[in-house]
Amino acid sequence: MGRGENAGVADQLEQIAQLLLIMDENTFKIRAYQRGAEAVRQSLQPISSMSRADLLQVRGIGKGIADAIISIVETGTCNELESLMEKIPPQLPELLEIDGIGPKTVQKLWRHLNITSIQELEAAARSHRIRTIRGLGDKKEEEILRAIAVHKNRSGRMLLSEAEAIGEEIISVLPPGRYSFAGSLRRGRSTIGDIDIVTTNPAVSVNPRLREIASEMIDEGMKKTSIFFKGKRIDIRFADPAEYGATLLYLTGSKEFNIRLRERAISRGLRLNEYGLLDQRTKELIKCPDEEMVFRRLGLSFVPPELREDRGEVARAESDTLPFLVELKNIRGDLHAHSTGSDGTMTISEMAGLGDQLSYEYILCSDHSASLGVARGLSPEGLKRQDHEIEIVNRDHTCQILKGIEVDILSDGRLGLPDAVLSDLDCVIASIHSVLHQDTDSITRRMITAMENEHVDIIGHPTGRLIGRREPSSIDMPRILAAARDTETALELNASPYRLDLDDIYLKNAIELGVTIAIGTDAHRPLEYAHMRYGVLTARRGWCRADDILNTKSINELMDFCR
DNA sequence: GCCGTTTTCGGCCCGACTGTTTTCAGTCG
């Protein structure tokens, strides 16, 4: 069933964690459920296919949570959840979505005013009933109304590219100085919740400027300030240059990664905070101007930001066996681009010129096939004309345009062009563009049928997701990965910030099986070739080395793969 | 509830900012 089902089980474990939070339960028990949920969410194996012994092998899953998972898989619920739901109105956790409201406040609101929904909370705040509760005042009442307004028109998470643009805009209007992105933006996640920035500029010089541009000041202090800007939350941390590394490390996270590092610090008689390492014995603060120093002092090799997710990277840093991650400079070409032959804006000649500028050795021209209704596609005749044009253009350029196609995978797994046409091409991408809502088995077999065609070299945007707009198709990823390995078909990492497909978890699993990854920008316009950067970031998040990536290879090696 | 090159019991990351205080709780990252 793939990950849809795992996500359902993970949601239930998270619901238990939230209900326990409101019940003011042991915080470590709550964290255990959250970690368990995360482990389930990230499991490539369908959780329902795993035995109790299998489950116990997973880090973060012990006896209690294993039994809960088994019960949820078999009956749809479990004892822990049921007994919590008897005690607490099930929709009460939605109050936690309001900024500034935590478990203690939810308890008070519920017990004193019988508030169980955001709607009731808003009514209570408007009629000034919140301030009648001991410990809450008029300021809190106003804060709640503001936070509810924000919650109502919350625009959700940003794309990586949007977050970058907003972050750069903020920095451009602040006093000159040293600034670094931190948080999920620095880690290169495909979606970003809020934007974190570290600077060596002092708060006194930055805060007045922030006050001018902010739509709202959330917090304002000498160590950190938070604002709303263009509907997004921005957190800025002011760091002493001598402590910059520790501060950047802290704000980069992830939270779970930070906890791992701090636990490790404790085991070495140190305490890690955002200023440095505190020697427990001498009480001396070891300041860390760069991140490397923190890692060194903890006996770890440097962990690249993209890996800081508590997915085993700390243990690998300890044994100095972290992978050498692929870098942008390793990329020798783009393996997915559209020309005026279909729905792109560039001629073949312009494409080659751009490739020269980018110092690429090759660009795969992969226009749509004519079978595709939504985009103007190439017929076999059109393709022949294009191939002729490519041969002529290539004589005048260092960057070679490769003859290719993005051929449609029809609903039964056949391709949109005959084999005789495909066999003349350098490299063939096959993608699903229509009938995306097939059931798991049908769409999985459809894709595998395409892979089994000897001419297909790459599967384009494998899950078909459009971030925030279209869910991934329900393909059975373990079967797809195994088929990709067996048929020696590469899977695309589509570098468009709207797709980033495959995502990090799937990439990590793919390369562990020895599946090759092809990064393509799917560029339709000149500027979109720069999206390669997002592809490389995502590949790094998936633990990919240069060797795992098809377009780090020379043109001859590439042609060998596509043969 | 999870976990173990000190431990199967006793730990479990750390600090900033705000509001309602009367010395600190709650929330957040």
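Lettering of chains follows the sequences in order, A, B, ..., and the numbering in each one begins at 1.
A donor-acceptor pair under 3.5 Å links the side-chain atoms of A:Glu313 to the main chain of A:Asp310, judged by distance alone. Checking side-chain atoms of A:Ser190 against main-chain N and O of A:Leu500 turns up no donor-acceptor pair under 3.5 Å.
Within 4.0 Å (heavy atoms only), A:Ile101 reaches sugar-phosphate atoms of the nucleic acid but no base atom. Among the protein residues, A:Arg237 comes within range of the sugar-phosphate backbone only, with heavy atoms under 4.0 Å from sugar or phosphate atoms but none that close to a base. When heavy atoms are screened at a 4.0 angstrom cut-off, A:Asp138 is found touching the sugar-phosphate backbone but no base atom. Among the protein residues, A:Tyr250 comes within range of the nucleic acid bases, having at least one heavy atom under 4.0 Å from a base atom. Among the heavy atoms of the strands lying under 4.0 Å from A:Lys223 are primed sugar atoms or P, OP1, OP2 only; no base atom is included. Within the 4.0 angstrom heavy-atom criterion, only backbone atoms of the sugar-phosphate kind lie near A:Gly60; the bases stay farther away. Note on A:Ile30: nothing from the nucleic acid sits closer than 4.0 angstrom, heavy atoms only. Using a 4.0 Å heavy-atom distance criterion, A:Arg131 is classed as making no nucleic acid contact. At a threshold of 4.0 angstrom between heavy atoms, the contacts of A:Arg271 are confined to the sugar-phosphate backbone, with no base atom among them. Counting non-hydrogen atoms under 4.0 angstrom, A:Asn26 reaches a base of the nucleic acid.
With distances taken from any side-chain atom of A:Glu220 to the nucleotides B:dC14, B:dT18, B:dG15, the minimum falls on B:dT18. Residue A:Lys139 places its side chain closer to B:dG19 than to any other of B:dC2, B:dG19, B:dG29. Set against B:dA16, B:dC13, B:dT20, the side chain of A:Glu263 has B:dC13 as its closest nucleotide. Each of B:dG29, B:dG15, B:dC17 was ranked by its minimum atom distance to the side chain of A:Asp196; first place goes to B:dG29. Distance from the side chain of A:Asn273 is smallest to B:dC14 among B:dC12, B:dG26, B:dC14. Across B:dA16, B:dC14, B:dG1, the shortest atom-to-atom separation from the side chain of A:Glu80 is found for B:dG1. Minimum atom distance to the side chain of A:Ile266 is reached by B:dC14, of the listed B:dC14, B:dG29, B:dT20. Picking from B:dT20, B:dC13, B:dG29 the nucleotide with the shortest atom distance to the side chain of A:Ile259 gives B:dC13. Counting only heavy atoms from C-beta on, A:Arg59 has its side chain closest to B:dC3 among B:dC3, B:dG29, B:dA16. Set against B:dC13, B:dG15, B:dT20, the side chain of A:Phe28 has B:dC13 as its closest nucleotide.
Pair check for B:dG11 finds B:dC2; Watson-Crick or G-U wobble, both atom distances under 3.5 Å.
Nucleotides B:dT8 and B:dG1, compared at atom C1', are 14 Å apart to the nearest Å. For the C1' atoms, the distance linking B:dG11 with B:dG19 amounts to 33 Å, nearest Å. Comparing the P positions of B:dA16 and B:dT21 gives an interatomic distance of 24 Å, to the nearest angstrom. Nucleotides B:dG10 and B:dA25 are separated by 27 Å at their P atoms, to the nearest Å. Rounded to whole Å, the C1' atom of B:dC9 lies 37 Å from the corresponding atom of B:dC17. Separating the P atom of B:dC13 from that of B:dC3 is a span of 14 Å, rounded to the nearest Å. On the P atoms, B:dT20 is 48 Å away from B:dT6, given to the nearest whole Å. Annotation: B:dG26 and B:dT22 have their P atoms spaced 13 Å apart (nearest Å).
Looking only at atom types and distance, the side chain of A:Thr191 has a donor-acceptor partner in the side chain of A:Arg157 under 3.5 Å away. Inspection of the A:Thr321 and A:Ser319 side chains reveals an N or O donor paired with an N or O acceptor under 3.5 Å. A:Arg129 and A:Ser127 form a side-chain donor-acceptor contact under 3.5 Å, judged by distance and modelled atom types alone. Checked by atom type, the side-chain pair A:Thr77/A:Glu82 shows a donor-acceptor distance below 3.5 Å. Counted by atom type alone, A:Tyr275 and A:Asp240 present zero donor-acceptor pairs between their side chains at under 3.5 Å.
The distance from atom NZ of A:Lys140 to atom P of B:dT27 is 6 Å, rounded to the nearest whole Å. We find that NZ of A:Lys63 is positioned 12 Å from P of B:dC9, with the value rounded to whole Å. A straight line from CD1 of A:Ile234 to C1' of B:dG29 spans 15 Å, rounded to a whole angstrom. Rounded to an integer number of Å, the gap from A:Met23 CE to B:dG1 P is 14 Å. A:Asp194 has its CG atom 15 Å from the C1' atom of B:dT27, to the nearest Å. Atom CD1 of A:Ile130 and atom P of B:dT20 are 12 Å apart (whole Å). The distance between atom NZ of A:Lys224 and atom P of B:dT18, rounded to the nearest whole Å, is 9 Å. Protein atom CD of A:Gln34 is 12 Å distant from nucleotide atom C1' of B:dG1, rounded to whole Å.
Phosphate proximity of B:dC13 to A:Arg31: present, with a side-chain N or O under 4.0 Å from OP1 or OP2. An OP1 or OP2 oxygen of B:dC17 is reached within less than 4.0 angstrom by no side-chain nitrogen or oxygen of A:Ser226. Regarding contacts with the backbone of B:dC28, every side-chain N or O of A:Arg233 stays at 4.0 angstrom or more from both OP1 and OP2. Of the side-chain N and O atoms in A:Arg264, none sit less than 4.0 angstrom from OP1 or OP2 of B:dC13.
Mapping A:Tyr275 and A:Ile98 onto DNA chain B via the closest heavy atom, the residue that lands nearer the 5' end is A:Tyr275. Comparing A:Gly221 and A:Val58, the nucleotide of DNA chain B nearest to each residue sits closer to the 5' end for A:Val58.
Taking the six-membered ring where tryptophan is involved, the planes of A:Phe302 and A:Phe295 are perpendicular, since the angle between them exceeds 60° and thus also 30°.
Annotation: cation-pi pair A:Arg233/A:Phe228 absent, no NZ/CZ under 6.0 Å from the ring centroid and within 45° of its normal.
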